[in-house]
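Remarks on the structure that follows.
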Amino acid sequence: MERHATGVTGGPERGPLSPCVCSTLRMVSRAVTQLYDDILRPSGLRVNQFSILATIARRGEANLRHLERALAIDQTTLTRSVNLLERDRMIERVPNPDGRVKAMRLTGKGKRLLNVARPLWAQVQHRVLRELGPPAWADAQRRLARLLHVAVVKRRLYRDRRRKLSGRRS
């Protein structure tokens, strides 16, 4: 095994992991996403669509803000995905007394596709956890939750600082 600056490699089938946290997480995320997408292919759903549909199904109804928070997806990506799910008649908008907020719920087609996808998702989930091991995954979840918290807090502080600075210049 060749040693690199970090001394960490991704194994024989993968190149070295980057010392950059962001690059490494993106590489891992792409690979895991591709694995789930491959297994979910017979359902006609991709893992991001599955996640959105499953979140709406759990809640009964959800609006964009609920989905943004639950899935930590930026608004642009989420809006594009929701529009495609609506176009493909997997979700539908439902009226809200507020009028400004549009909630979404699954259509019959969305429920059927989710029912086909769930056992496929469970299959890949079980396979990954078996390979990784539940204790390792529990440890990874704790560490990733901490990283997510750090990233969200730091980003919020950075945005707030930028807003204050731009407000002073006005």
Side-chain angles (χ1 to χ4, degrees), residues 10-11 13-14 17 21-153 155-156:
E13 61 283 341
R14 284 270 183 207
L17 294 178
V21 173
C22 185
S23 293
T24 298
L25 288 173
R26 288 176 62 87
M27 180 185 356
V28 171
S29 178
R30 280 190 301 272
V32 172
T33 297
Q34 289 167 0
L35 174 64
Y36 277 71
D37 281 348
D38 288 347
I39 298 296
L40 289 172
R41 189 165 285 120
S43 73
L45 295 175
R46 298 178 68 90
V47 72
N48 65 327
Q49 295 169 317
F50 173 84
S51 298
I52 293 168
L53 293 177
T55 302
I56 295 171
R58 268 193 307 279
R59 295 184 59 95
E61 289 182 2
N63 62 39
L64 287 176
R65 181 154 293 148
H66 295 140
L67 294 172
E68 281 179 51
R69 284 191 203 122
L71 301 170
I73 299 176
D74 68 274
Q75 189 174 13
T76 303
T77 302
L78 180 60
T79 299
R80 185 174 50 247
S81 296
V82 163
N83 287 341
L84 292 172
L85 290 169
E86 189 175 23
R87 181 200 71 193
D88 294 340
R89 301 189 191 318
M90 290 183 239
I91 62 170
E92 61 188 358
R93 307 279 176 152
V94 292
N96 187 298
D98 183 336
R100 295 173 296 163
V101 177
K102 294 280 194 247
M104 293 155 281
R105 69 176 168 218
L106 299 184
T107 62
K109 179 181 179 180
K111 290 175 187 174
R112 283 189 303 280
L113 288 174
L114 190 57
N115 286 336
V116 170
R118 277 189 171 128
L120 298 170
W121 176 89
Q123 174 189 353
V124 69
Q125 181 79 357
H126 176 74
R127 194 164 84 195
V128 169
L129 290 176
R130 186 179 63 235
E131 289 291 323
L132 189 58
W137 175 236
D139 183 52
Q141 279 186 301
R142 281 190 298 278
R143 291 170 190 256
L144 289 168
R146 174 71 181 133
L147 181 57
L148 178 61
H149 174 76
V150 166
V152 168
V153 167
R155 183 169 183 245
R156 190 175 299 134

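The first residue of the sequence shown is numbered 1, and numbering continues consecutively from there.
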Taking it one step at a time, do Thr33 and Arg30 satisfy side chain to side chain donor-acceptor pair (under 3.5 Å)?
CA-CA 5 Å; Thr33 297; Arg30 280 190 301 272; over 6 Å; no
Show your working on side chain to side chain contact (heavy atoms under 4.5 Å, CB included) between Leu35 and Arg127 and close with a plain yes or no.
CA-CA 11 Å; Leu35 174 64; Arg127 194 164 84 195; 3.3 Å; yes
Should Glu86 and Met104 be marked as a side chain to side chain contact (heavy atoms under 4.5 Å, CB included) after you check the CA-CA gap, both sets of side-chain angles, and the distance that decides it?
CA-CA 9 Å; Glu86 189 175 23; Met104 293 155 281; over 6 Å; no
Determine, step by step, whether Ile52 and Ile91 satisfy the side chain to side chain contact (heavy atoms under 4.5 Å, CB included) criterion, reporting the C-alpha distance in whole Å, the side-chain angles of both residues, the deciding distance to 0.1 Å, and the verdict.
CA-CA 10 Å; Ile52 293 168; Ile91 62 170; 5.7 Å; no
For a side chain to side chain contact (heavy atoms under 4.5 Å, CB included) check, start with the C-alpha distance between Val94 and Glu61, then their side-chain angles and the critical distance, and finish with the verdict.
CA-CA 8 Å; Val94 292; Glu61 289 182 2; 3.6 Å; yes
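With salt bridges taken as basic N to acidic carboxylate O contacts below 4.0 Å, none links Asp37 and Arg41.
A heavy-atom distance below 4.5 Å is not found between the side chains of Leu106 and Met90. With a 4.5 Å cut-off on side-chain heavy atoms, Leu17 and Met27 count as touching. For the pair Arg142/Asp139, a side-chain contact is recorded, criterion being any heavy-atom separation below 4.5 Å from C-beta on. By the 4.5 Å heavy-atom criterion applied to side chains, Leu25 and Leu144 are counted as neighbours. Within the 4.5 Å cutoff, the side chain of Pro42 has no heavy atoms near those of the Val116 side chain.
Under the 30°/60° scheme for interplanar angles, the aromatic rings of Trp121 and Phe50 are found to lie parallel.
A donor-acceptor contact closer than 3.5 angstrom is absent between the side chains of Arg26 and Ser29. The closest side-chain donor-acceptor pair between Ser51 and Asn48, if any, does not fall under 3.5 angstrom.
In this structure, Ile73 and Leu78 approach most closely via the heavy-atom pair CG2-N, 3.6 Å. Between Gly60 and Arg105, the shortest heavy-atom contact is O-CB, 3.6 Å. Closest heavy-atom contact between Ala117 and Leu45: CB-CD1, 3.8 Å.
Gln49 places a side-chain N or O within donor-acceptor distance of the main-chain N or O of Arg46, the cut-off being under 3.5 Å. Using modelled atom types, one side-chain atom of Ser43 and one backbone atom of Leu40 make a donor-acceptor pair closer than 3.5 Å. Between the side chain of Asn83 and the main chain of Thr79, a donor-acceptor pair closer than 3.5 Å is present. At least one donor-acceptor pair closer than 3.5 Å links the side chain of Thr107 to the backbone N or O of Arg89. Judged by distance alone, the side chain of His66 and the main-chain N or O of Asn63 form a donor-acceptor pair under 3.5 Å.
For Arg143, the CZ atom counts as loosely surrounded, since its 6.0 Å shell holds 12 or fewer non-hydrogen atoms of other residues, nucleotides or ligands. Summarising the local packing, CZ of Arg93 is surrounded by more than 12 heavy atoms from other residues, nucleotides or ligands at distances under 6.0 Å. Applying the 6.0 Å contact sphere to CD of Gln75 captures no more than 12 heavy atoms from other residues, nucleotides or ligands.
Rounded to the nearest 0.5 Å, atoms CD (Gln125) and CH2 (Trp137) are 7.5 Å apart. Here the CZ-OG1 distance, from Arg59 to Thr55, works out to 9.0 Å after rounding to the nearest 0.5 Å.
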